[in-house]
Amino acid sequence: MAERAARPCCLGWDFSTQQVKVVAVDAELNVFYEDSVNFDRDLPEFGTQGGVHIHKDGLTVTSPVLMWVQALDIILERMKASGFDFSQVLALSGAGQQHGSVYWKAGASRVLTSLSPDLLLHKQLQACFSIRDSPVWMDSSTTAQCRRLEAAMGGAQALSGLTGSRAYERFTGNQIAKIYQQNPEAYSQTERISLVSSFAASLFLGSYAPIDYSDGSGMNLLQIQDKVWSQVCLGACAPHLEEKLGAPVPSCSVVGAISSYYIQRYGFPPGCKVVAFTGDNPASLAGMRLEEGDIAVSLGTSDTLFLWLQEPMPALEGHVFCNPVDVQHYMALLCFKNGSLMREKIRDESASCSWSDFSEALRSTEMGNGGNLGFYFDVMEITPEIIGRHRFSAENRQVSAFPRAVEIRALIEGQFMAKRIHAEGLGYRVMPKTKILATGGASRNRDILQVLADVFGAPVHVTDTANSACVGSAYRAFHAGTDVPFSEVVKLAPNPRLAATPTPGAAQVYEALLPQYAKLEQRILSQTQGPPE
Ligand SMILES: O=C(CO)[C@@H](O)[C@H](O)CF
């Protein structure tokens, strides 16, 4: 077989909810290899659905940690069988689903440091976990622990100001507190607690890898300004927790060289660097090459905003994390539950189930919709907590219906004005160099993107983020250990396509309408939640 040309590269891994995925990226930042193992399809013996087990209480959600280990074995064996040249791997990094936690049993570190290259990982790690079913981000069984943590911290806003978020059921500190309270024996047998990201890094390192600042920001335990564990939060969750977590590190840290296991079994070079793994969303921010002032809008089942923040203003909604590619800055996530399902409902009701009629309605109505404003939340919205449909005329009178085309524009303008208002509530500001990166299903509709550009007053680019967490991890692997800015390292990467620029006059229209929208949102909130405490 012809000798393959040497192709130095970095690997980017993603240990996500439904699969383990890997990409290989060369020095020109081209992706030339990718593979994935889907837990439900390729490891049916674990019996997961969507990669998880939803327990009978309907609140507890876990994933078998050994399933994640076995998935890594499968991918590495497939890469080896395909003739992948591991000797060209300069460095690797990765991502993990955020908030999930892994509980290493006393003595596991000795197994990790002495792995036999003759055996698969999962064969050797069978007895290394004190909790075999790891809690994951879909879990919502820790409300009691959340209330206790907020009380210990002097309230939800105080906790958010310190750790970047109020207490959330899926956040790791609350999950650890539940395990300590309900399974003290397992907790006492635990010598190390990892996030999914640092657990995956540990597998490559052959020892316990540290938690990085960015994914550590999703635990309700890390002080995001000082980048240290909050002693009050640790104490409120479980005893001796700091020694089980280890010290957190900057996300751009090289945490060590690859374990000899991979050198001997797969042919990785001894100098292959392992770079701190991080959460899937921070890794996606890196993969989308977001820069200061940019905003990424993922228009999916729920809509998610990724923000780059210099000076965060943590609030009672959304999440502020340490930035994964610039240790001085931050990122934020805002989730809007009424996303594409709401858009599809209004399309069916007001555009005869047709996206082209939907688009025609947007084109035939003016920016600002004649002052008509709408709030469309058929399921309880997260940001903010409102349910139902609420329509207001230009005179701020509540009305029960709009003409079809007005309804469609009210939905889309309302969804994007909400995004801008709540992003600015976390400290985000549109800057002259701001670009909006749109992704997800609705980003294929140019007329929807035009409204997005108009409301934010910034150009909208579209990008495919299918591999963003993996690709962002490979980019971070290239960047770590250098002393150049991340943006410099990734400047060769393919650029997103310009899809829409603001219509002349858009700024005047929406700068007048945004405060109106915010006021009406507060009016609905006070009507539905009663007067503020
Ligand atoms: O909980 C989340 C972020 O806070 C999810 O996006 C998980 O990271 C998905 F894995």
Side-chain angles (χ1 to χ4, degrees), residues 13-21 36 38-39 48-54 59 61-63 65 67-68 71 94-102 134-142 146 160 163-175 194-200 211-222 224 251 277-288 296-307 312 314-324 330-337 339 382-383 422 426 439-440 465-470 472-473:
W13 296 87
D14 185 15
F15 284 67
S16 70
T17 313
Q18 302 190 27
Q19 60 185 358
V20 172
K21 197 169 191 178
S36 63
N38 176 283
F39 303 131
T48 56
Q49 284 189 314
V52 301
H53 290 130
I54 297 178
L59 299 172
V61 183
T62 60
S63 287
V65 59
M67 177 179 75
W68 296 334
Q97 54 175 299
Q98 289 191 262
H99 318 301
S101 45
V102 173
S134 283
V136 293
W137 67 279
M138 294 166 64
D139 184 285
S140 53
S141 64
T142 61
C146 287
S160 178
T163 68
S165 299
R166 66 173 172 81
Y168 284 90
E169 280 73 5
R170 67 187 190 278
F171 276 43
T172 324
N174 306 302
Q175 293 291 335
S194 299
L195 292 176
V196 175
S197 55
S198 54
F199 146 79
I211 290 172
D212 78 297
Y213 293 158
S214 197
D215 206 15
S217 311
M219 301 172 77
N220 278 148
L221 294 176
L222 188 76
I224 58 169
S251 305
F277 284 34
T278 190
D280 57 347
N281 293 296
S284 286
L285 178 133
M288 293 188 278
V297 186
S298 173
L299 298 169
T301 306
S302 59
D303 291 346
T304 305
L305 251 57
F306 293 74
L307 308 169
L316 294 181
E317 59 190 23
H319 314 290
V320 175
F321 304 132
C322 298
N323 190 295
Y330 300 84
M331 68 170 282
L333 267 189
L334 269 174
C335 192
F336 298 82
K337 206 163 191 180
I382 296 173
T383 313
H422 290 281
L426 286 178
T439 184
T465 55
N467 283 346
S468 60
C470 281
S473 298

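Each ligand, and each atom within it, is numbered from 1 in the order the structure gives. Quick note: residue numbers are just sequence positions, from 1.
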Measure the shortest side-chain to side-chain distance between His53 and Thr48 over non-hydrogen atoms and say whether it is less than 4.5 angstrom.
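They are in contact (side-chain heavy atoms under 4.5 Å apart), so the answer is yes.
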May I ask you to test the Trp68-Ser134 pair for a side-chain heavy-atom distance under 4.5 Å?
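In short, these two side chains touch, coming nearer than 4.5 Å.
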Sorted by chain and number, the residues that approach ligand 1 to under 4.0 Å with a heavy atom
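Answer by chain and number: Thr17, Gln97, Gln98, His99, Trp137, Arg170, Asp280, Asn281, Leu333.
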CZ of Phe336 to CG of Leu299: how many Å apart, nearest 0.5 Å?
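One gets 11.0 Å once the value is rounded to the nearest 0.5 Å.
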Aromatic ring proximity His319/Tyr168, centre distance under 6.0 Å
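Yes, they do, as the ring centres are separated by less than 6.0 Å.
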Just wondering, more than 12 heavy atoms not from Ile382 lying within 6.0 Å of its CD1?
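More than 12 within 6.0 Å, yes.
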Check whether any side-chain N or O of Asp14 sits under 3.5 Å from a backbone N or O of Asn467 as a donor-acceptor pair, and report yes or no.
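A pair under 3.5 Å: no.
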